[in-house]
Amino acid sequence: MSSSLPAEGVLMSVSDQVSTVPHFLRERGDAVDGSAAFRAAETLGNGASAGAEGAALALVKLGVRARDEQDYPRAEQLFVLAGESAADTEDAALLVRARTLLGGLYRIQGRYEQAEEALRGALAVADGEPDMPVSALVGVCNELGVLFKYSGHFEEAEVCYRRALAVLERGGLREGLSAAALFHNLSGLAHSRGDFAAAVEPGRRAVAIRERVLGAEHVQVVLDKAALAPVLIELGQLDEAEELLASALVVVERTFGPAHYETGVALGNLAALAYKRAQYPRAAEFFHRCLRLKEQTLGPGHPELAVTLNNLAVLARRGGDLSQAQGLWERASAILETSVQPEHPLLGAVRRGLDSLGPGVPA
């Protein structure tokens, strides 16, 4: 087996989805009845417009709030209602945004087929409107790119990202925050492809744009710098990677709390760094903490757990615990086989790991 571990991935926050929809205070009550939600949305429309358009806008805002609070069933219902309401209006951009948000929600949950259906529908609407706002078109292209990266459609992901950048360039917006998010995501795509050298330039460009716009101390700038760490680990620049990750972990825990998904990603990348330095007990500790946080925030069958399961399996095999390694790789394989392309590099690594164990591994 190779001594190199897949890093836990690029640190990404909600802003990397290039969403232009503002947050909105969550209304009281946990259950969402369709008709009640629609009536509440009409009231909360903030005077943006009357009738279905105002209701759709308010439903989108409420859905974003529910999504950010990880109330995914509620967010899904709100986004679906928003799309239905927007379809009754002449505001195609609002329909695109509602469907883009729904597709992004499905992706977050690992529901990749449903995400692709929603996002392709949103893109078809956007392509059919010559006056589609830049933010709506860029948003759906970027969200499709993120989905394709996770599912292993790397070429399609790059096409989507490049198209979004071209749209921004035509609008004179190539140096803004939306462009920074796209450069960040292009860096993550190169990392997923294993082209680590190609990941550096767009990653550093994302940092430079956000640092200029937001300031050096902004949490998103810190996260962008930490996103370079997995790439630097693979390139052997371990000291800089450790400095970036240690700083990021402090900021993430202070900003989001110790039980947040971003904290798990930072711990996973610190584990990969420890593995690279042959600090195997430390690596195992961090990977186990990372896995627990991912399970808590994403669920036990989410595709993003697979990289951590694979990394723990590599450690188990190195330590001679072949039975544990087999169980971890089998779990990762079961997750990936239903969510990514057959040629996805992580699925290939998991299958090679299982093959390396040979027959007769004790249960």
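Not measured: the values here are computed from a predicted model.
Once rounded to the nearest 0.5 Å, the distance linking OH of Tyr106 with OH of Tyr112 reads 15.5 Å. A distance of 6.5 Å separates CZ in Arg210 from NE2 in His184, rounded to the nearest 0.5 Å. Within the model, atoms OG of Ser85 and CG of Leu94 stand 7.5 Å from one another, a figure rounded to the nearest 0.5 Å. Note that SG of Cys290 and CG of Leu270 are 10.0 Å apart. Values are rounded to the nearest 0.5 Å. Atom CZ of residue Arg163 and atom CG of residue Asn142 lie 13.0 Å apart, to the nearest 0.5 angstrom. If you take CG on Leu173 and CD on Glu175, they are separated by 10.5 Å, rounding to the nearest 0.5 Å.
Around CD of Glu217, the count of heavy atoms belonging to other residues, nucleotides or ligands within 6.0 Å does not exceed 12. When the shell of 6.0 Å around CD of Glu113 is examined, it contains 12 or fewer heavy atoms from other residues, nucleotides or ligands. Within a 6.0 Å sphere centred on CD of Gln237, heavy atoms belonging to other residues, nucleotides or ligands number more than 12.
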Under the criterion side chain to side chain contact (heavy atoms under 4.5 Å, CB included), I'd like the reasoning laid out for Asn310 against Leu328: C-alpha separation, chi angles, the key distance, then a yes or no.
CA-CA 7 Å; Asn310 176 71; Leu328 290 162; over 6 Å; no
Might you work through the side chain to side chain contact (heavy atoms under 4.5 Å, CB included) test for Leu223 and Val251, ending with a clear yes or no?
CA-CA 8 Å; Leu223 291 176; Val251 172; 5.8 Å; no
Where do Arg162 and Leu186 land on the side chain to side chain contact (heavy atoms under 4.5 Å, CB included) test, with the steps shown first?
CA-CA 9 Å; Arg162 297 291 182 192; Leu186 279 167; 3.7 Å; yes
Side chain to side chain contact (heavy atoms under 4.5 Å, CB included) between Val314 and Trp329: does it pass, once the steps are laid out?
CA-CA 9 Å; Val314 171; Trp329 271 321; 3.9 Å; yes
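In this view, Ser333 and Glu337 satisfy the side chain to side chain donor-acceptor pair (under 3.5 Å) rule, not counting sequence neighbours. Checked against side chain to side chain contact (heavy atoms under 4.5 Å, CB included), Glu295 has the following partners two or more places apart in sequence or in another chain: Leu291, Leu305, Arg331. For Arg120, the side chain to side chain donor-acceptor pair (under 3.5 Å) partners at least two apart in sequence or on another chain are Glu116. Evaluation of the side chain to side chain contact (heavy atoms under 4.5 Å, CB included) rule for Val340 yields Leu336, His344, Leu347 as partners, not counting sequence neighbours. Evaluation of the ring-ring contact (aromatic ring centres under 6.0 Å, His included) rule for His302 yields no partner, not counting sequence neighbours. Not counting sequence neighbours, the partners of Ser151 by the side chain to side chain donor-acceptor pair (under 3.5 Å) test are His153. The side chain to side chain contact (heavy atoms under 4.5 Å, CB included) test applied to Ala75 returns Ala66, Arg67, Phe79, Leu105, not counting sequence neighbours. Judged as a side chain to side chain donor-acceptor pair (under 3.5 Å), and not counting sequence neighbours, Asp195 has no contacts.
Using a cut-off of 4.0 Å between Lys/Arg side-chain N and Asp/Glu carboxylate O, Glu143 and Arg107 are scored as salt-bridged. Here Arg74 does not pair with Asp68 in a salt bridge; the nearest charged N to carboxylate O distance is not below 4.0 Å. The pair Arg193-Glu158 counts as a salt bridge, with a side-chain nitrogen and a carboxylate oxygen less than 4.0 angstrom apart. A salt bridge is absent between Arg204 and Glu211; no separation between the charged side-chain nitrogens and carboxylate oxygens falls under 4.0 Å.
Screening residues 277-287 for side chain to side chain donor-acceptor pair (under 3.5 Å) gives Asp239-Arg277, Glu242-Arg277, Tyr280-Arg318 as the qualifying pairs, with residues at least two apart or on separate chains. Screening residues 319-328 for salt bridge (Lys or Arg N to Asp or Glu O under 4.0 Å), with sequence neighbours left out, gives no hits. The salt bridge (Lys or Arg N to Asp or Glu O under 4.0 Å) contacts involving residues 244-256 comprise nothing, where partners must be two or more places apart or lie in separate chains. Residue pairs meeting the salt bridge (Lys or Arg N to Asp or Glu O under 4.0 Å) criterion with at least one partner in residues 76-92, sequence neighbours excluded, are Glu76-Arg111.
Nearest heavy atoms, Ala266 versus Leu245: O-CD2, 4.5 Å. Across all their heavy atoms, Ala272 and Phe287 have their closest contact at N-CZ, 3.8 Å. Of all heavy-atom pairs spanning Lys149 and Leu189, the tightest one is CG-CD1, 3.8 Å. Taking all atoms of both residues into account, the shortest heavy-atom contact from Ala241 to Ile233 is CB-CG1, 3.7 Å. For the pair Val96 and Ala126, the tightest heavy-atom approach, listed with the atom from each and the gap, is CG2-N, 3.8 Å. Contact between Val231 and Phe196 at its shortest, heavy atoms only, is CG1-O, 3.2 Å.
Cluster membership check: Val159 does not share its hydrophobic cluster with Leu119, using side-chain heavy-atom separations under 4.5 Å among Ile, Leu, Val, Met, Phe, Trp and Tyr. Hydrophobic clustering (side-chain heavy atoms under 4.5 Å, transitive across Ile, Leu, Val, Met, Phe, Trp, Tyr) keeps Val221 apart from Val250. Hydrophobic clustering of Ile, Leu, Val, Met, Phe, Trp and Tyr side chains at less than 4.5 Å, counting indirect connections, unites Leu168 with Val213.
Screening Val252, Asp224, Thr255 against Val219 for a side-chain contact (heavy atoms from CB on, under 4.5 Å) leaves a single residue, Thr255. A side-chain contact (heavy atoms from CB on, under 4.5 Å) with Cys141 is found for exactly one of Leu144, Val138, Leu137, namely Leu137.
A heavy-atom distance below 4.5 Å is not found between the side chains of Val265 and Leu293. Using a 4.5 Å heavy-atom cutoff, the side chains of Glu234 and Lys276 are in contact. Between Val80 and Leu102, the closest side-chain pair of non-hydrogen atoms falls below 4.5 Å. Residues Leu165 and Phe183 are in side-chain contact: their nearest non-hydrogen atoms beyond the backbone lie under 4.5 Å apart. Looking only at side-chain heavy atoms (C-beta outward), Glu201 and Arg205 come within less than 4.5 Å of each other.
In this structure a side-chain-to-backbone donor-acceptor pair under 3.5 Å is missing from Thr263 to Ala259. Counting only distance, with no hydrogens or angles, the side chain of Thr89 and the backbone of Ala86 share a donor-acceptor pair below 3.5 Å.
If you check the side chains of Glu304 and Tyr261, you find a donor sitting under 3.5 Å from an acceptor. A side-chain donor-acceptor contact under 3.5 Å links Thr308 and Lys294.
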